[in-house]
Structure formats: C-alpha cells, structure tokens
Amino acid sequence: VIIGAGYIGLEMADALTTRGIEVTLVSRTPTVLPSVDPEFGATVAEELRQHGVAVHTSTSVHAISQGNESLRVSGDNGFVQDCDLVLLAVGVDPNTHLGRDAGLKVGARGAFVTNRQMETEAPAVYVAGDCAETWHRLLQRYAYLPLGTTSHKQGRVAGENALGRHCEFQGSLGTQAVKIFQLVIARTGLRQDEAEREGFDAYTRETVTNDHKGYYPGATPLKVRVTGDRRTGRLLGAQLLGAWRAEVSKRVDVFATALFNGMSVAQISDIDLSYAPPLSSPWDPVQIAAQSWSMSRATT
Ligand SMILES: Cc1cc2nc3c(=O)[nH]c(=O)nc-3n(C[C@H](O)[C@H](O)[C@H](O)COP(=O)(O)OP(=O)(O)OC[C@H]3O[C@@H](n4cnc5c(N)ncnc54)[C@H](O)[C@@H]3O)c2cc1C
C-alpha cells in the first residue's frame, strides 16, 4: 500500500508494479497528482488503473496495524487493505532542528530564512536545498519548493558566495516533470487557481495537438494547458500531458524559459523552435497552444 498520490507515490507505484508487486494507492486528495489540474489527475489515475494499480482517492488513512502475517491499513469509507509493505509518501517537511537550536530563523513551511545569496543571518552560515526557502521568480517572494533542480542551483550559489564571489539565486518557477508508466506530466509556473489567488486576471486554455506530424508514424496527442494574464497577456504557467516519447519535459522547459524571461503568451509564437516531421510541426505544439490561448482570450 502506498499512502500519498504525489509524484513520489506515483513513481513508486510504477516502479513496484513493474517489479511484479501488487500496488494499492490511497490518497486523501480527490484526484491523484494534485500538483496538476484535476482533469490531468483523472487521466493519470486511469493510466495507473490500466496497469493494475488499485486507486483510492478522497480516502484518509487512520491506522496501520500489525496483524499476524501482514500489515492492515484502514481509512475513510470503510477502506481496509492487508499488505506486506506500507510506503508513506505524504509530502516534505524541512528538518531544521539543528539550525533552529543554533538560532537560525525559519519562515515558509518551517524552512530556513535566507537571502538570495543563500546567506542566513548568522555570519558564514549558508543554507540551500530542501531545508531552505526558495525565491519564487514569478511571485517575487519566498515560497517552499523542494526540488532537486532548485537545490543544485542554490547549492552552487551558496558555494560561490562562501568562496568570496558574489552571485544570487535567480529564482524557481516550480518546474517539474514526472513519468508514470507511459505518460509524462509536467508543469511550470502557476495554475489557474494559484494565479487567481495571487491576484492575476488568470485565463487557462487547453489545446490538444499531435506531438509531431501526423503523417509520420507514431504521432501521439499532447495536451497543453496555458495559463496567462488576460489583461496583460503575460504568460503565468503551463501544464503538459502526453506520451513518454512526446518530448513533454523539454516542451515544458520552453514555457519555463519564457516564464523566466517574463515573456507574454503571444511572444512564444515568435521563438525559433526546431522542426522535423518525426519530432514536431512547423508550429510546435507549444506555439499552437500559445496561439490558441491568444485567440480564445480575445473572445472571452
Ligand atoms: C523519491 C524522490 C524522488 C525525487 N525526484 C525528483 C525529481 O525527479 N526531480 C527533482 O527536481 N527533485 C526530485 N526529488 C527531490 C530532490 O531529491 C530533493 O529536492 C533534493 O535531493 C534536495 O537536496 P538537498 O541537498 O537539500 O537534500 P538531500 O538530497 O536530502 O541531502 C541532504 C543530505 O544531508 C545529510 N544530513 C542530514 N542531516 C545531517 C546531519 N545532521 N549531519 C550530517 N549530514 C546530514 C543527509 O544524510 C543527506 O545526505 C525527489 C525526492 C525524492 C525523495
């Protein structure tokens, strides 16, 4: 039984199933992969079921008890499952006891407060990675986004500064991608609900196109959800879902690069992206999604 349907729980469901182990996934969230829109979560849940994973959403686990020969996991709605192994993948909390005992301040989600040089208020003490707050480039404030990509960049900044150079962490956009069986799901920036909460006049448009030219064998549908500010046209975020070989992660990276540079949705159409029929179209799916956003924004 895997408790938690975030990306780590889902990757483990894939890995254990591939090893021939029967998996039951249980999550208190209404869909799996709650970091993306529920429509994408539903597609991922279907992918899990098709590969034999039993998926239980909207189910909080209350107890794990030791039976004679197995563990028993029980929760909401009469959920009871006996199993040999329980894996908890229920989120990340920074472990900051050591630093707090030494007087370091903590902020968002209990992570260490830092400046963009990754310095703390204590002289010559730097923080980086999962224990530290993250400068959010789009929101222009600190957040908590524990990711390997962020940790590496922060670690380099801390190291450079510790050696007497001056550099600043340029900020995270929460860009991430995950492969679950034959699907890849990726996101960067803000979703509709997150953008609204931050006060943007957010508008999201989903476009479905082939990942490459239909006449070249093996084309698969790629879903792209673009979120932008209706008033200014600024790109705010993107979510993608497609087949494993559909270059989903590199396509989300195009959006991440555009976000990093504060581009508008419309400007994405002007980027000189590569094209060959087995790989893309003269307008890449990223650009078709951006154009679709711009055209539909005008009519909403
Ligand atoms: C299963 C899994 C999959 C992931 N997949 C991805 C992914 O695909 N993409 C992505 O971007 N991120 C991913 N992450 C997140 C990524 O691994 C973390 O964000 C990243 O490792 C954090 O780096 P870090 O150096 O801050 O911490 P860690 O990598 O956790 O390193 C901390 C180190 O400090 C040591 N340590 C702790 N306390 C002490 C102490 N008191 N004394 C001495 N040593 C100590 C630990 O032993 C450890 O070696 C994944 C995480 C998990 C758990």
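These numbers were taken from a predicted model, which means no experiment stands behind them.
- The pair E39-R225 meets the salt-bridge criterion, with a side-chain N (NZ, NE, NH1 or NH2) lying under 4.0 Å from an Asp/Glu carboxylate O.
- The two residues C167 and V157 make their nearest non-hydrogen contact at O-CG1, 3.5 Å.
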**Request:** Could you check T114 against Y142 for side-chain hydrogen bond (donor to acceptor under 3.5 Å, both in side chains), going step by step and ending with a plain yes or no?
**Result:** CA-CA 9 Å; T114 172; Y142 286 93; 5.7 Å; no
Contacts under 3.5 angstrom, residues 254-264 side chains, donor-acceptor by atom type, not counting sequence neighbours:
from, atom 1, to, atom 2, distance (Å)
T257, OG1, D253, O, 2.7
N261, ND2, T257, O, 2.9
S264, OG, Q267, N, 3.2

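- Atom NZ of residue K153 and atom CG of residue L147 lie 9.0 Å apart, to the nearest 0.5 angstrom.
- Ring geometry for H51 versus F181: interplanar angle under 30°, hence parallel rather than tilted (30 to 60°).
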**Asked** How far apart are the C-alpha atoms of E247 and L279, what are their side-chain angles, what is the distance that settles it, and do they pass the side chain to side chain contact (heavy atoms under 4.5 Å, CB included) test?
**Response** CA-CA 8 Å; E247 313 256 12; L279 301 168; 3.8 Å; yes
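- E119 and N161 share no donor-acceptor pair across their side chains, judged by distance under 3.5 Å alone.
- Using a 3.5 Å distance cut-off with no hydrogens or angles, the side chains of E47 and Q182 do not pair a donor with an acceptor.
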**Asked** Could you walk me through whether D201 and R230 pass the salt bridge (charged side-chain N to carboxylate O under 4.0 Å, His left out) check?
**Response** CA-CA 6 Å; D201 183 7; R230 203 190 318 248; 3.5 Å; yes
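- Atom CZ of residue F40 and atom CD1 of residue I185 lie 9.0 Å apart, to the nearest 0.5 angstrom.
- A donor-acceptor contact closer than 3.5 angstrom is absent between the side chains of Q287 and Q291.
- Among pairs with a residue in residues 208-222, none fulfils salt bridge (Lys or Arg N to Asp or Glu O under 4.0 Å), at least two apart in sequence or across chains.
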